[in-house]
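These numbers were taken from a predicted model, which means no experiment stands behind them. Counting from 1, the numbers follow the sequence of the chain as shown.
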Amino acid sequence: SRVVSLSQLLFIVGQVAIKTLVYLEKCEAEFKKRKIEAETRNGKVKNQGADVSNTTQDNGGDKELEMIGGTNE
């Protein structure tokens, strides 16, 4: 009947929403992990006195991660 079909539809929509949230949480955790690794790597590079070209390339990736992190928050 219509009630059964509607309940099945709502169940599927709810399951998709939950799976999407879990996936987004995993992505957010991965981005935070990469950001921390990049900051750690940049801190080590700056302390060792590396050339400017390496830090410029790393800053591009950092800005991208900051933008993604900012939108998640």
Side-chain angles (χ1 to χ4, degrees):
S1 74
R2 295 181 110 177
V3 174
V4 173
S5 298
L6 180 60
S7 64
Q8 288 175 343
L9 175 66
L10 292 176
F11 176 79
I12 292 171
V13 169
Q15 288 296 311
V16 169
I18 290 171
K19 296 291 183 182
T20 303
L21 287 173
V22 169
Y23 174 74
L24 289 174
E25 291 285 329
K26 287 181 182 179
C27 289
E28 182 181 8
E30 180 67 26
F31 286 130
K32 285 183 179 180
K33 178 181 166 186
R34 288 183 185 178
K35 183 177 179 181
I36 290 170
E37 288 175 357
E39 288 175 353
T40 304
R41 186 175 57 243
N42 282 344
K44 289 179 182 177
V45 168
K46 288 178 184 176
N47 289 339
Q48 293 174 356
D51 61 354
V52 176
S53 63
N54 286 341
T55 57
T56 304
Q57 291 173 352
D58 290 340
N59 286 340
D62 286 346
K63 289 179 184 176
E64 181 179 336
L65 289 175
E66 287 175 10
M67 288 171 45
I68 293 169
T71 56
N72 284 340
E73 293 175 359

What residue among Arg34, Glu28, Lys32 forms side-chain contact (heavy atoms from CB on, under 4.5 Å) with Glu30? Arg34

With sequence neighbours excluded, tell me which residues meet side-chain contact (heavy atoms from CB on, under 4.5 Å) with Val4. Ser1, Gln8

Who passes side-chain contact (heavy atoms from CB on, under 4.5 Å) against Ser5, sequence neighbours left out? none

The reported gap from NZ in Lys19 to CG in Leu24 (rounded to nearest 0.5 angstrom) is 13.5 Å

Under the rule for side-chain contact (heavy atoms from CB on, under 4.5 Å), what residues qualify as partners of Lys26, not counting sequence neighbours? Val22

So that I can tick it off, tell me whether Glu37 and Arg41 are bridged by a salt bridge, with the cut-off set at under 4.0 angstrom between side-chain N and carboxylate O. no

